[in-house]
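Proteins get letters first, then strands, A, B, ... in listed order; numbering begins at 1 in each. We use all heavy atoms of the structure for the numbers below, so side chains are in, but hydrogens, waters and symmetry mates are not.
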2 protein chains.
Amino acid sequence: MTDHSKAPTVCVSLYLDTVYELETAIEEAARSNFQSITIPMVHRRFERELVEEPLKTAHQCFTRSDLLLTSGQWLNRVICRLSNNVDCDSADGDVRKQGEATMRQEISYAEHLVQTGYVMVRLKSGNCANLARVVGHGLKGILLAEVPMVDLKAAQATWRADVEEDVTVEDPWNWWNNFRSYVDHDTHVKVALEFTADIPKKEEIYRWLGEPVDAIVISSSIFLTNSNNYPVLSKAHQELLVLFHRTLGCHFILKANPEDKRLVHYSDYIKYILKANYVKDPMTGYDDLLEIPLQPLYDNLDSFTYEVFEKDPVKYILYQNAIEQALRDRVPTAELDTRTSIIMVVGGGRGPLVRATINASIKSKRKVKVYVIEKNPNAIVTLSALIRELWRDRNVELISTDMREFEPPEKADILVSELLGSFGDNELSPECLDGAQKHLKPDGISIPSKSTSYLNPVMTTKICNQIRSLEKSPHAKDRIVTSRYMEGSYVAYLKNVYHIDAPQPLFEFVHPNPAPIIDNSRSASLTFKASLDCVMHGFTGYFDAVLYKDITISIHPYSHTRGLGSWFSMFFPMTEPVQIRRGDEIRVNFWRCVASHKVWYEWNMTAPRQSHIHNVQGRGMPIWK
Amino acid sequence: MTDHSKAPTVCVSLYLDTVYELETAIEEAARSNFQSITIPMVHRRFERELVEEPLKTAHQCFTRSDLLLTSGQWLNRVICRLSNNVDCDSADGDVRKQGEATMRQEISYAEHLVQTGYVMVRLKSGNCANLARVVGHGLKGILLAEVPMVDLKAAQATWRADVEEDVTVEDPWNWWNNFRSYVDHDTHVKVALEFTADIPKKEEIYRWLGEPVDAIVISSSIFLTNSNNYPVLSKAHQELLVLFHRTLGCHFILKANPEDKRLVHYSDYIKYILKANYVKDPMTGYDDLLEIPLQPLYDNLDSFTYEVFEKDPVKYILYQNAIEQALRDRVPTAELDTRTSIIMVVGGGRGPLVRATINASIKSKRKVKVYVIEKNPNAIVTLSALIRELWRDRNVELISTDMREFEPPEKADILVSELLGSFGDNELSPECLDGAQKHLKPDGISIPSKSTSYLNPVMTTKICNQIRSLEKSPHAKDRIVTSRYMEGSYVAYLKNVYHIDAPQPLFEFVHPNPAPIIDNSRSASLTFKASLDCVMHGFTGYFDAVLYKDITISIHPYSHTRGLGSWFSMFFPMTEPVQIRRGDEIRVNFWRCVASHKVWYEWNMTAPRQSHIHNVQGRGMPIWK
Ligand SMILES: C[S@@+](CC[C@H](N)C(=O)[O-])C[C@H]1O[C@@H](n2cnc3c(N)ncnc32)[C@H](O)[C@@H]1O
Ligand SMILES: C[S@@+](CC[C@H](N)C(=O)[O-])C[C@H]1O[C@@H](n2cnc3c(N)ncnc32)[C@H](O)[C@@H]1O
């Protein structure tokens, strides 16, 4: 479905090699619909040679004065490019030192100019530790590391018949991976990904979607010319453009000859393509935002949270269908008038499942008596009001208590609950339902009747950085990593993520649980496989649940219930990002641990490398019973 | 040289399979010269089966009462062994759960009994993540992980002609490595290394010396019987025994049939061998103690520190020889009476180099005028007194100032200094001497004339743990890793260490430095190779210096100056231990960075994996100028 109504704002910057009059250049670019210009830090006229004199004295004359533009213009209208003809990582000590001095001077002056704006540096190989050290620390603004999607050398190697497919040309992703690993996954360092004429394999494109790609660099040379003599992109490039913008909301930087008469058409074309393919995402605004999982058992949810639940367009319909189906199955038509099914809605919240039950009863023409059990006194207020005002004629009885302790006057046919977290059991649905199930008739059923959690390893620099930045350090420049944050668990609507392998089922819970001694602790080992070099930042978790028979709800990416919006994925970090090689087996252990007052997960990795056990005793993230 | 004077105390524990009367067993063992007994937690009589009943109720009856011994006896006379017939990591969920429950119960009761004493658990494979999780966290005492030096399966594989050398039998070191990685290198977890009939390759033995081996387990079966019918060990086993005890001061656990009439001979023999081979280490007491490197430029050293310097038995002799040789070379015999050499002792401390200079002058019969420059006002007091009282007739003049700023009345023939740190330049000898060298005559020389730093990667669990435990966490159970400690640098007399590869030269400084613009920043990349699977915790650093011509001082392990005691090795940690595979190339970058007020090192690893850059801007360890 294409929705043009609220088109996205797209920023395109014009990449220039020489600029004489800055303000004029910005104005000209604006006339061609470019929002900013990307310019070299060093003025052509002042190009330097290897000099022995301390660079300080030369500082003032190598570039432009900050007075040429207002600070607002520097911030929003200019991306400063660092020189790319120096080599901070040369084997030649003199070249290296000179490169280092140059870069140091340029980055310092660039940040002086653009402040929290953009500086760009081009990566040319994976041998970039010194460059990373020199330009990648203590940044105020954003450092864009420019990387081509495909290395020209690599492109040739696969193109030429005489070169073996697996020749060791460097994949530019590795340049970036080295660079960002050296700068310790600094949040200020992002990617400016240059589209190349050749498009890499799907999997490699997906890997880029796990990276903090902030800008896409497009050269006019990859444009084709259509019959009307307008520049257009190939279908494949168009798709790429749309994919990156839709997933990451990137900006664009256009490289073209400034004399090119079609300048305006490039930027208009990019904007046109994105507008034409715009699809509204109802979750916009939540992208990659880190949230702490709710603990509806321990905490009392607030009104706002209930309201968000209740807005889910499909959850309650599915519950209603499940209840309706169950009622039909349990009560034959002959007994329509004589038999009243006892339904207990345990964890009623503000009543949506009561509503679903009543609707199911009406639709199926089966009589019901509804007990609604809730332990949150604030929700009780709402439920009481609803019973008084809306459900006066319905057979609804409110029991204000914890479902693990209540003593209802009769046994239930159906137990209805929605105590599911993003990871299925992480809101302690098993513990709660174990308490409630004793009130089920011997043939009574639970909706849901089963929940399963799923897990897969991911690369997601952005999420990982967000978690890292929760750490408060006494000295701003210190690096600090604690179990408090790096062994917690999180909920997020993940977009900027690369899934290293497909999800696998982890833990399963069945309701009612027929075991004589119920044990809700679990442990499992899963083995995944990486098809590309990548970095593993942790695991995403999902669940699916059988409500009744074939009526299910799922946030498993392969079977996600259409429109279901109540749950984002779970995320379990690894304390330190793990470098993974193509073909590596990733073996992980997960435990669900249960003690008298809390439940928690522990996890660790046993291959390709051994990690410590995370969240021991729930030190990072306990779930209180 | 064998020195029997102060024999080491050696503790041997007797390993028993069944014990009926605890106190009697301890007494009997003591009569055979065993200091303690190693006993199973679970009493034979109470051996359990897979039970469904909650273990709590069974808790009291499966083992002995704590009242049988005093807590002092439990602590010092008993090592509690956990069952080794359970499998916490079984693929069978029931076996695993039962194993887990058993282990949990046993470790909890074992710690109740021995408190901060010893508990022992046998590792049987590398598949031990769950075992690690269950027994390896929140320990109060020491958990000894018992591991054989050679796996029986492996021994057979190399023994039998039909099995290829490189067959993938598990190396028991890997069992241990997995276990301790899973428990996050917990300080409470140590090794009980079982000597096997087969002795592994030298390199593998050295690797164990980098591990926290606390006890050696010896079975009576590896003893031979000599002509007098006494049990003795093969020469190779004797050497092993001595090596481990000398390096790590381990305890011993003897496995034998309790009916064996020769029990007393085993323990006596072990003690005899260790006593006979005892060599006094003058550094005893400093083993693996972490120290913060001195900053004699920024801080003023105290009297105690100077005294330690001055006790070095060889340093000043070598300096004296160097000065003497230089005087002889510079002043021909014909000029003995007419020429006075100007010697500046820069950084005089409490005068030992002045003394060396005077001695050299007397021995060489060359006249000298000594300027002694010192910036520490407290040392000035001592120097003034020495000049007044001891060197009244000597031509010694004191200048109380920083050598980078002083203005002497004449130029020097020889600049004598000892500003060397364990890493050569880390006490800023280059920066200081750059300041002083302008007072040298054109043909003047500096003693030392050159210093070089060296580096190699190491495994040293003990040091790494000490650094980690410097981190103070608000919650005792939290894991916290900061650059403040994990990116610092340290000095230590390293014994419990495995050198992954030989040291390589890193940075070099020459004095006087003839460069027109002096740049004391440095950078270098080194590549090492691992010959075994191991864990890299960081790098050890050393230096050597040319005092004059062929007179050198060195703490490089291959060329260590005999008797030189003033410097221990340097240690640079990696934030997280790095798992290394046999054959891996370890590539590391090191930088010496110089800013207006400080100097610091930065380092990172680029292979086998990328690490972040450590100590950025000196955040962990700045050296103040
Ligand atoms: C995830 S919310 C679902 C609320 C509502 N059914 C809905 O779908 O909007 C779970 C509800 O169960 C309640 N709850 C959780 N554990 C409970 C327990 N042990 N006893 C009673 N209510 C409980 C919480 O207070 C919360 O209102
Ligand atoms: C390592 S101690 C050696 C002292 C003495 N030479 C010895 O060998 O025992 C270095 C001495 O140099 C002094 N020192 C360091 N930097 C100095 C500077 N820039 N100017 C003067 N003295 C300095 C310190 O105060 C200290 O006494």
Between chain A and each of B/A129, B/C593, B/A524, count heavy-atom pairs under 4.5 Å; write down the option with the most.
B/A129
If you count heavy-atom pairs under 4.5 Å between each of B/E471, B/Q617, B/R96 and chain A, which one has the most?
B/R96
In chain order, what residues pass the side-chain hydrogen bond (donor to acceptor under 3.5 Å, both in side chains) check against B/R180, with sequence neighbours excluded?
B/N177, B/E211, B/T461
Which residues pass the salt bridge (Lys or Arg N to Asp or Glu O under 4.0 Å) test with A/R479, sequence neighbours left out?
A/D184, A/E576
If I measure from the heavy atoms of chain A, does B/N604 come under 4.5 Å with its side chain, its backbone, both, or neither?
side chain
For A/S611, which atoms come within 4.5 Å of any heavy atom of chain B: side chain, backbone, both, or neither?
backbone
With a 4.0 Å cut-off, would you call B/R592 and B/E602 a salt bridge?
no
Need one label for A/V616: side chain, backbone, both or neither, based on atoms under 4.5 Å from any heavy atom in chain B.
side chain
Between B/T575 and chain A, which part of the residue has a heavy atom less than 4.5 Å away: side chain, backbone, both or neither?
side chain
For A/D519, is it the side chain, the backbone, both, or neither that has a heavy atom closer than 4.5 Å to a heavy atom of chain B?
both
Of the backbone (N, CA, C, O) and the side chain (C-beta and beyond), which part of A/S521 lies under 4.5 Å from a heavy atom of chain B, both, or neither?
both
Quick one: does any side-chain atom of A/S453 pair with a main-chain N or O of A/F507 as donor and acceptor, under 3.5 Å?
yes
Is there a donor-acceptor contact under 3.5 Å from the side chain of B/E487 to the main chain of B/G620?
no
Select, from B/V183, B/N589, B/N130, the one with the greatest count of heavy-atom pairs under 4.5 Å involving chain A.
B/N130
For the interface with chain A, which of B/M486, B/Q579, B/H185 has the highest count of heavy-atom pairs at distances below 4.5 Å?
B/Q579
Give the member of B/D186, B/I613, B/T482 that has the highest number of heavy-atom pairs under 4.5 Å with chain A.
B/I613
Lys/Arg N to Asp/Glu carboxylate O, B/D533 vs B/R581, below 4.0 Å
yes
Look at the side chain of A/W603 and the backbone N and O of A/P573, then say whether any donor-acceptor pair between them is shorter than 3.5 Å.
yes
Test: B/D478 and A/R484 ion pair at under 4.0 Å
no
